[in-house]
Visitor: 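Here's a structure for you.
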Amino acid sequence: MQTKIPHYVKKAAIGLQGRFLCRQSGKTAEARKGGGYLYFVEPSGKKFPTVSGLFLVQNGLVEASEDGLLDHMSQSFRLTKEAQKLLEASHA
């Protein structure tokens, strides 16, 4: 079954093409919305909407770069090919 991407996530994710979605742990109210993480884009360092970042990770629309300190705790992600196709189709 194909994942339906909410409009607010699509709008944010379009800017990820060719970039990394990164996350860092936090204890703020904003981080709690993101499952304990704050999200940003590399190489720019620009903040990425927390709820959108969480949606992309939880729904497998980004793939881990496996660069975390512990196994299965990646800190950076790239859009999957499926997500790129979904975004391109919705943007056309």
Side-chain angles (χ1 to χ4, degrees):
M1 186 173 129
Q2 192 169 343
T3 302
K4 176 148 174 57
I5 303 174
H7 176 71
Y8 66 92
V9 176
K10 285 180 191 174
K11 185 176 178 181
I14 287 171
L16 277 181
Q17 294 179 335
R19 295 176 177 86
F20 284 99
L21 173 65
C22 300
R23 66 182 182 184
Q24 66 183 35
S25 62
K27 295 186 180 195
T28 63
E30 185 68 18
R32 285 192 294 275
K33 292 178 191 176
Y37 295 101
L38 296 169
Y39 293 86
F40 59 98
V41 178
E42 281 297 332
S44 69
K46 183 179 176 187
K47 183 183 181 316
F48 190 83
T50 304
V51 175
S52 296
L54 181 63
F55 183 91
L56 292 172
V57 172
Q58 286 184 334
N59 288 280
L61 296 170
V62 289
E63 50 196 7
S65 298
E66 298 302 330
D67 59 351
L69 296 173
L70 303 171
D71 289 340
H72 309 293
M73 295 290 289
S74 190
Q75 295 172 316
S76 63
F77 304 83
R78 282 200 182 259
L79 287 172
T80 64
K81 289 183 182 182
E82 175 191 346
Q84 288 177 19
K85 288 178 187 175
L86 287 170
L87 291 170
E88 289 168 5
S90 69
H91 195 61

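Below, all heavy atoms of this structure are taken into account, side chains as well, without hydrogens, waters or symmetry copies.
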Visitor: Quick check: closest heavy atoms across E42 and C22, and the distance to 0.1 Å?
Guide: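 Answer, listing the atom of E42 first, then C22: CG-SG, 3.4 Å.
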Visitor: Between CG of L87 and CG of L61, what distance do you get to the nearest 0.5 Å?
Guide: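 It is 8.0 Å, given to the nearest 0.5 Å.
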Visitor: Given 3.5 Å as the limit, does a donor-acceptor pair link the side chain of S65 with the main chain of S76, or not?
Guide: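 Yes.
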Visitor: Can you tell me how far CD of Q75 sits from CZ of R23, rounded to the nearest 0.5 angstrom?
Guide: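 It is 8.5 Å, given to the nearest 0.5 Å.
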Visitor: Give every donor-acceptor pair under 3.5 Å between a side-chain atom in residues 30-38 and any protein atom, sequence neighbours left out.
Guide:
| residue | atom | partner | partner atom | Å |
| --- | --- | --- | --- | --- |
| E30 | OE2 | T50 | OG1 | 2.6 |
| R32 | NH1 | K27 | O | 2.8 |

Visitor: Below 3.5 Å, can you tabulate the donor-acceptor pairs from side chains in residues 51-60 to any protein atom, sequence neighbours excluded?
Guide:
| residue | atom | partner | partner atom | Å |
| --- | --- | --- | --- | --- |
| N59 | ND2 | F55 | O | 2.9 |

Visitor: Say you draw a straight line from CD of Q84 to CZ of R78; how long is it, rounded to the nearest 0.5 Å?
Guide: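 Output value for this atom pair is 9.0 Å.
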Visitor: Hydrophobic clustering (ILVMFWY, side-chain heavy atoms < 4.5 Å, transitive) - are F40 and F20 grouped together?
Guide: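 Hydrophobic grouping puts F20 apart from F40.
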Visitor: Which atoms form the tightest heavy-atom contact between Q17 and L79, and what is the distance?
Guide: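 Here Q17 and L79 meet closest at CG-CD1, 3.7 Å.
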Visitor: Enumerate the residue pairs fulfilling salt bridge (charged side-chain N to carboxylate O under 4.0 Å, His left out) with a member in residues 5-16, sequence neighbours excluded, ordered by first and then second residue.
Guide: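 The answer is none; no pair qualifies.
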